[in-house]
Amino acid sequence: MNKEFPCDKCGCCCKRLDLVDEMKDFDRGDGVCKYLTPNNECAIYDNRPDMCNTKKYYEKNYKNKMTWEEFVTNCRKGCKALQEMSK
Ligand code: SF4
Ligand code: SF4
């Protein structure tokens with residue numbers, strides 16, 4: 001099974017931490033993560049929180065509830081919604 005998440009690297013999910021209670025300590029004050037670089041990369045990628053790691057997040061919370069493909073489909077809907085909001 002290919003478990004690579006199809007990320008557009010738009011950075012939108014790292015710019016609306018104000019929508020995610022669990023990530024409030026990472027919010028630099030305007031919803032943007034303090035670890036997001038100007039290139040939309042994560043400065044702490046190898047040590048990022050599980051919430052930012054789709055594979056880990058799936059394994060921990062959704063593995064017994066849905067397939068990886070279903071999880072990705074749901075997440076991608078969230079990506080599209082965030083991308084629309086940022087336009
Ligand atoms: S919103 Fe989705 S596509 Fe954009 S960076 Fe985040 S995970 Fe990737
Ligand atoms: S820790 Fe990294 S992946 Fe997570 S929101 Fe911040 S910049 Fe994005």
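Note that ligands are numbered from 1 as they come in the structure, with each ligand's atoms numbered from 1 the same way.
Looking at atom 4 (Fe) of ligand 1, its nearest protein heavy atom turns out to be C10 SG, 2.2 Å. Given atom 6 (Fe) of ligand 1, the protein heavy atom at minimum distance is C13 SG, 2.3 Å. Taking atom 3 (S) of ligand 1 as the reference point, the nearest protein heavy-atom neighbour is D8 N, 3.2 Å. Nearest protein heavy-atom neighbour of atom 5 (S) of ligand 1: G11 N, 3.2 Å. Looking only at heavy atoms of the protein, atom 2 (Fe) of ligand 2 is closest to C42 SG, 2.3 Å. Protein heavy atom at the shortest distance from atom 8 (Fe) of ligand 1 is C7 SG, 2.3 Å.
The residue among P49, C33, A43, C12 with a heavy atom at the shortest distance from atom 7 (S) of ligand 2 is C33.
Among the atoms of C52, an N, O or S atom falls under 2.8 Å of atom 4 (Fe) of ligand 2. Note on C75: not counted as a metal contact of atom 2 (Fe) of ligand 1, no N/O/S atom lying under 2.8 Å. At least one N/O/S atom of C14, from backbone or side chain, sits under 2.8 Å from atom 8 (Fe) of ligand 2.
In summary, the atoms of ligand 1 found under 4.0 Å from a heavy atom of F5, numbered by their order in the structure, are 7 (S). Against a heavy-atom cut-off of under 4.0 Å, R76 is close to the following atoms of ligand 1: 3 (S). Distances below 4.0 Å separate heavy atoms of Y35 from the following atoms of ligand 2: 7 (S).
Taking hydrophobic clusters as Ile, Leu, Val, Met, Phe, Trp and Tyr residues chained together by side-chain heavy-atom distances below 4.5 Å, Y45 does not share a cluster with L36.
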Exercise. With salt bridge (charged side-chain N to carboxylate O under 4.0 Å, His left out) as the test, would you mind laying out the steps for D25 and K34 before giving the verdict?
Key: CA-CA 9 Å; D25 289 346; K34 55 190 171 187; over 6 Å; no
Quiz prompt | Criterion salt bridge (charged side-chain N to carboxylate O under 4.0 Å, His left out) on E59 and K56, from CA distance to verdict | solution = CA-CA 5 Å; E59 297 286 337; K56 267 195 191 170; over 6 Å; no
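In summary, of the residues considered (L82, V32, D30), a side chain to side chain contact (heavy atoms under 4.5 Å, CB included) with K15 occurs for V32 alone.
Taken from CZ in R16 to OG in S86, the straight-line distance is 9.0 Å, to the nearest 0.5 Å. Taking CZ of F71 as the start and OH of Y58 as the end, the distance is 8.5 Å to the nearest 0.5 Å. Distance OG1/T54 to CD/E4: 8.0 Å, rounded to 0.5 Å.
Within the 3.5 Å criterion, the main-chain N or O of P6 finds a donor-acceptor partner in the side chain of R76. Judged purely by atom type and a 3.5 angstrom limit, N39 has no side-chain atom pairing as donor or acceptor with the backbone of E41.
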